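Down below is the structure, laid out as structure tokens.
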Amino acid sequence: MAKKNIDWGNLSFGYIKTDKRYVSNYSDGKWDDGAIIEDDMITMSECACVLQYAQTIFEGLKAYTTEDGRIVIFRPDLNAERLANSSRRMEMPVFPEDRFVDAVAQTVKANADYVPPYGTGATLYVRPYMFGINPVIGVKPADDFQFRVFTTPVGPYFKGGAKPITIKISDFDRAAPHGTGNIKAGLNYAMSLHAIVTAHNEGFAENMYLDAQTRTKVEETGGANFLFITKDNKVVTPKSNSILPSITRRSLMYVAKEYLGLEVEEREVYLEELGDFAECGLCGTAAVISPVGKIVDHGKEICFPSGMEKMGPTTQKLYDTLTGIQMGRIEAPEGWIKVIE
Ligand SMILES: *Cc1c(COP(=O)(O)O)cnc(C)c1O
């Protein structure tokens with residue numbers, strides 16, 4: 001085994017084909033045994049349900065090398081559970097949660113040469129997904145499904161340190177009440193593309209979406225949950241049924257309470273109280289936390305006291321503690337780290 005000849009420190013967040021991937025097929029009401037294969041191409045009918053009616057869901061997690069040289073993945077059982085929840089909402093068969101974790105582990109192991117070395121800031125991004133594959137023209141769920149896992153090495157999210165970003169309040173909505181905002185489905189991303197292209201064209205890094213019903217409460221961005229720090233150092237995250245339950249956010253809330261002794265609160269967060277917070281960050285697997293320095297609400301600027309130069313102090317502590325746990329420098333809670341052997 002030899003690591004691939006890749007300039008780990010200069011990788012971007014883009015797709016690079018790796019050698020192996022996992023596939024399992026569902027037909028006649030059951031999943032087959034699944035296998036690691038080499039072919040990265042998928043052949044399907046022109047009328048496949050995923051192509052016509054977007055019956056597809058996914059997960060995202062990372063494999064990385066710890067300080068002591070082990071390859072690990074972070075809380076894959078929660079990705080398994082979340083994919084199962086997405087499956088039920090999308091009328092797709094559940095891929096058994098223990099098999100999900102095993103499939104991810106097998107895929108990472110098969111691509112071990114692509115797991116970036118410790119200290120490079122790069123990681124091996126793991127993408128499990130499932131889609132309806134048989135032809136469907138009258139609207140209904142597919143009968144046959146494919147579950148796959150591929151990996152791709154990705155660079156450090158922030159090259160040269162995390163600089164706070166400026167985001168805008170979007171005029172588009174991400175998710176309806178009682179809709180699909182709380183599951184990880186491609187459809188939630190398809191409809192966010194126009195909103196993010198618009199935001200980027202206007203010079204903003206991300207969109208802050210509000211609740212679609214009243215447009216007074218904070219939901220999340222296209223792909224990350226919000227964390228706010230109050231001036232008296234409480235950690236607050238928005239509560240809503242249409243937010244995707246981020247594993248990073250749930251882990252950070254636990255770390256805030258149990259490792260840093262901070263008060264934590266999951267509650268409705270109103271647009272009009274944003275100016276009262278001391279710090280703001282976006283959390284998700286890719287960046288862990290991206291600090292937000294400024295939110296622009298139709299020309300009105302909300303600037304956090306933490307400024308535009310660096311992460312706020314509490315956000316930084318949260319970031320350091322969680323990444324310390326992930327990299328094996330700080331003892332992890334029971335069951336958070338799965339070693340790939
Ligand atoms: C995946 C995702 C997140 C982040 O979840 P993690 O489990 O922390 O990676 C947040 N919001 C949306 C909409 C997502 O799809």
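Predicted, not measured: the structure shown is a model, and the values here were computed from it. Both counts, for ligands and for their atoms, begin at 1 and track the order of listing. In this chain, residues are counted from 1 in sequence order.
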Is there a heavy atom in Arg82 that sits closer than 4.0 Å to ligand 1? yes
Where does the angle between the aromatic ring planes of Phe95 and Tyr22 fall among parallel (under 30°), tilted (30 to 60°) and perpendicular (over 60°)? perpendicular
Assess, by modelled atom type and distance only, whether the side chains of Ser306 and Glu279 contain a donor and an acceptor separated by less than 3.5 Å. no
Contact with ligand 1 for Gly222, non-hydrogen, under 4.0 angstrom: yes
More than 12 heavy atoms from other groups under 6.0 Å of CD on Glu273: yes
Short side-chain donor-acceptor distance under 3.5 Å, Thr180 and Asn188: yes
By the definition side chain to side chain contact (heavy atoms under 4.5 Å, CB included), identify the one residue from Leu322, Asp320, Ile330 that meets it with Val255. Leu322
Does even one non-hydrogen atom of Arg250 get within less than 4.0 Å of ligand 1? no
Could you tell me the residue and atom name of the protein heavy atom closest to atom 9 (O) of ligand 1, and the distance to it rounded to 0.1 Å? Thr285 OG1, 2.5 Å
Give me the residue, atom name and distance of the protein heavy atom closest to atom 2 (C) of ligand 1. Lys184 NZ, 2.6 Å
Is it the case that ligand 1 has an N or O less than 3.5 angstrom from some N or O of Leu244? no
For ligand 1, note which part of Ser246 has a heavy atom under 4.0 Å away: side chain, backbone, both or neither. both
Report whether Ile302 and Ile167 are members of the same hydrophobic cluster (ILVMFWY, side-chain heavy atoms less than 4.5 Å apart, transitive linking). yes
May I ask you to check whether Asp171 and His298 show a side-chain donor-acceptor distance below 3.5 Å? yes
Give me the nearest non-hydrogen protein atom to atom 15 (O) of ligand 1 as residue plus atom name, then the distance to 0.1 Å. Tyr189 OH, 2.5 Å
Same cluster or not: Trp336 versus Ile289, using hydrophobic residues (I, L, V, M, F, W, Y) connected whenever any side-chain heavy atoms lie under 4.5 Å apart? yes
Top protein contact for atom 3 (C) of ligand 1, by heavy-atom distance: Gly223 O, 3.3 Å
For atom 11 (N) of ligand 1, grab the closest protein heavy atom and report residue, atom and distance to one decimal in Å. Glu220 OE1, 2.6 Å
Do ligand 1 and Thr248 have nitrogen or oxygen atoms that lie under 3.5 Å from each other? yes
